[in-house]
Amino acid sequence: MLSYQHSYHAGNMADVHKHAMLAWMLDYMTAKPKPLSYMETHAGRALYDLSGPEALKTGEAARGIALADRWFPADHPYMRALRATRDRHGAQAYPGSPQIAMDLLRFEDSIALSELHPAEVEALRAALPGVTVSQTDGYASALSRCPPDPRRGLLLCDPSWEIKSDYETVPDFMAKLHRKWAVGVLVLWYPVLEGAPHRPMVRQLHRQFPDAISHTVAFPPARPGHGMTGSGLFVVNPPYGFVDQANWLSDRFATLCAQP
């Protein structure tokens, strides 16, 4: 299925959750003088225009980063990456996870991205020239690249979840990936939707990875009838301090649900 385009959803509250925690993890990992590998299974286009017709149609960015950017101190890695994108492309530009990684990683670190949608691949390659971009199935690509060199690193698995079988596919993928790359920080993002289709998957993941951490935040629907009411991360081998940072962010999200 190639219908999903993140331009309609860029900068929403799920992005704030995912990108803030991703930026924190990369910032923590790059503090050590050892190179690392970074991979994504579903990369998207890396750079989004929040003033474009797609973003304006859904209004998700207006209910997302437009409200949340005041939560973060200026030196937070998420804000540093956001500021770098705005400085280059204007106040309404928003970085996807590949751009955040590009701005926070170092010269000695490696990046490998996968994306299937032809238009997204073209935009991704234009935004990040010189970065390895594969127009292929992200699950298969990640498994073929593991264990990476260097072995220290992080993988972000961020499907659209429009393919309902992803809920059954992902636990098997994570188990295979971990067998090949036991030291990798494996980060899975999933939406919290009405009916909670994620729950059986997360239960299975916790059985497979009893030491992993899942972190969810809740937020009001971006518009009437919108079915996403939260965002989840499941992290295998989370960096030290992850729980404290996640709790800090949860406190910010709690202010949304406390509003009348």
Side-chain angles (χ1 to χ4, degrees), residues 4-31 36 38 40 42-107 109 111 113 115 117 119-131 133 154 156 158 160 187 189 217 219-220 222-223 228 231 233 245-246 248-253 255-256:
Y4 182 83
Q5 291 178 284
H6 195 63
S7 298
Y8 291 92
H9 313 290
N12 65 9
M13 278 298 177
D15 266 3
V16 171
H17 176 219
K18 173 177 58 183
H19 292 158
M21 292 306 301
L22 174 66
W24 180 87
M25 285 186 278
L26 292 177
D27 185 64
Y28 178 87
M29 294 176 73
T30 54
L36 58 85
Y38 178 78
E40 291 197 28
H42 303 73
R45 61 172 49 214
L47 181 63
Y48 300 92
D49 179 8
L50 300 187
S51 65
E54 298 89 351
L56 294 178
K57 181 178 180 178
T58 63
E60 292 186 29
R63 301 290 299 170
I65 186 59
L67 300 177
D69 62 359
R70 66 177 183 271
W71 295 348
F72 299 89
D75 61 349
H76 192 283
Y78 180 39
M79 286 295 102
R80 299 202 320 260
L82 183 58
R83 189 163 56 246
T85 293
R86 288 171 172 171
D87 288 346
R88 287 191 299 264
H89 302 286
Q92 293 302 309
Y94 185 82
S97 48
Q99 185 64 65
I100 290 172
M102 190 69 180
D103 283 329
L104 295 178
L105 293 176
R106 305 154 300 181
F107 178 79
D109 302 323
I111 302 180
L113 309 171
E115 172 59 50
H117 197 293
E120 301 299 277
V121 169
E122 182 180 358
L124 181 59
R125 288 173 173 161
L128 302 179
V131 171
V133 177
L154 183 150
L156 174 63
D158 178 18
S160 69
V187 181
W189 175 84
V217 294
F219 42 80
R223 57 189 180 279
M228 185 164 66
S231 169
L233 291 172
Q245 180 66 19
W248 179 89
L249 190 57
S250 289
D251 289 343
R252 273 72 195 160
F253 273 91
T255 64
L256 297 172

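Scope of the values below: all heavy atoms of this structure, side chains included, with no hydrogens, waters or symmetry mates.
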- [ ] Check M228 against F219 and note the closest heavy-atom contact, atom names and distance.
- [x] O-CE1, 3.8 Å
TODO: Please examine the side chains of L124 and P98, heavy atoms only from C-beta on, and report whether any two atoms are closer than 4.5 Å.
DONE: yes
TODO: Might you point out which heavy atoms bring A61 and A10 nearest each other, and give the distance in Å?
DONE: CB-O, 3.5 Å
Open item on the list: Between M21 and V187, is there a side-chain heavy-atom distance shorter than 4.5 Å?
Closed with: no
Open item on the list: Students often mix this up, so state it plainly: with edges at 30° and 60°, are the rings of H6 and H9 parallel, tilted or perpendicular?
Closed with: tilted
Task: Test item: L256 and F253 side chains (from C-beta on) under 4.5 Å apart, heavy atoms - done: yes
Open item on the list: Using 0.5 Å steps for rounding, measure from the NZ atom of K18 to the CG atom of D158.
Closed with: 3.5 Å
- [ ] Report yes if some heavy atom in the side chain of T58 is under 4.5 Å from a heavy atom in the side chain of N12; otherwise report no.
- [x] no
Task: Qualifying residue for salt bridge (Lys or Arg N to Asp or Glu O under 4.0 Å) with R45, from E120, E115, E54, E122 - done: E120
TODO: Nearest 0.5 Å please: distance from the CG atom of L36 over to the CG atom of L26.
DONE: 7.0 Å
Open item on the list: Once rounded to the nearest 0.5 Å, what's the spacing between atom CE of M29 and atom CG of D109?
Closed with: 9.0 Å
Task: CG-CZ distance between D27 and R80, expressed to the nearest 0.5 angstrom - done: 4.5 Å
Open item on the list: Within the structure provided, determine whether Y38 and L22 are in side-chain contact (heavy-atom separation under 4.5 Å).
Closed with: yes
Open item on the list: For M102, is the CE atom crowded, meaning more than 12 foreign heavy atoms sit under 6.0 Å from it?
Closed with: no
Open item on the list: Quick check: closest heavy atoms across D103 and A81, and the distance to 0.1 Å?
Closed with: OD2-O, 3.9 Å
Open item on the list: Pair D49, Q92 - check side-chain contact (heavy atoms from CB on, under 4.5 Å), show working.
Closed with: CA-CA 6 Å; D49 179 8; Q92 293 302 309; 4.0 Å; yes
Task: Closest heavy-atom pair and its distance - Y94, V16 - done: OH-N, 4.4 Å
Open item on the list: With a 4.5 Å cut-off on side-chain heavy atoms, are I65 and D15 touching?
Closed with: no
Open item on the list: Can you give me the closest heavy-atom contact between A126 and P129, atom names plus distance?
Closed with: O-CD, 3.6 Å
Open item on the list: Taking the side chain as everything from C-beta on, heavy atoms only, tell me whether L82 gets closer than 4.5 Å to F72.
Closed with: no
Open item on the list: Testing the basics here: between A23 and I100, what is the closest heavy-atom pair and its distance to 0.1 Å?
Closed with: CB-CG2, 4.1 Å
TODO: Apply side-chain contact (heavy atoms from CB on, under 4.5 Å) to I111 and L128, showing your working.
DONE: CA-CA 10 Å; I111 302 180; L128 302 179; over 6 Å; no
TODO: Determine, stepwise, if the pair E40 / S97 fulfils side chain to side chain donor-acceptor pair (under 3.5 Å).
DONE: CA-CA 9 Å; E40 291 197 28; S97 48; 2.9 Å; yes
Open item on the list: To the closest 0.5 Å, what do you measure between OG1 (T30) and CG (L104)?
Closed with: 7.0 Å
- [ ] Begin with the C-alpha distance, continue with both residues' side-chain angles, and end with the deciding distance and a verdict on side-chain contact (heavy atoms from CB on, under 4.5 Å) for L67 and M13.
- [x] CA-CA 9 Å; L67 300 177; M13 278 298 177; 4.2 Å; yes
- [ ] Using a 4.5 Å cut-off on heavy atoms from C-beta on, say whether the side chain of R223 contacts that of E60.
- [x] yes
Task: Ring geometry between H76 and W248 (parallel below 30°, tilted from 30 to 60°, perpendicular above 60°) - done: parallel
Open item on the list: Over 60° means perpendicular and under 30° means parallel, so tell me whether Y78 and H19 are parallel, tilted or perpendicular.
Closed with: tilted
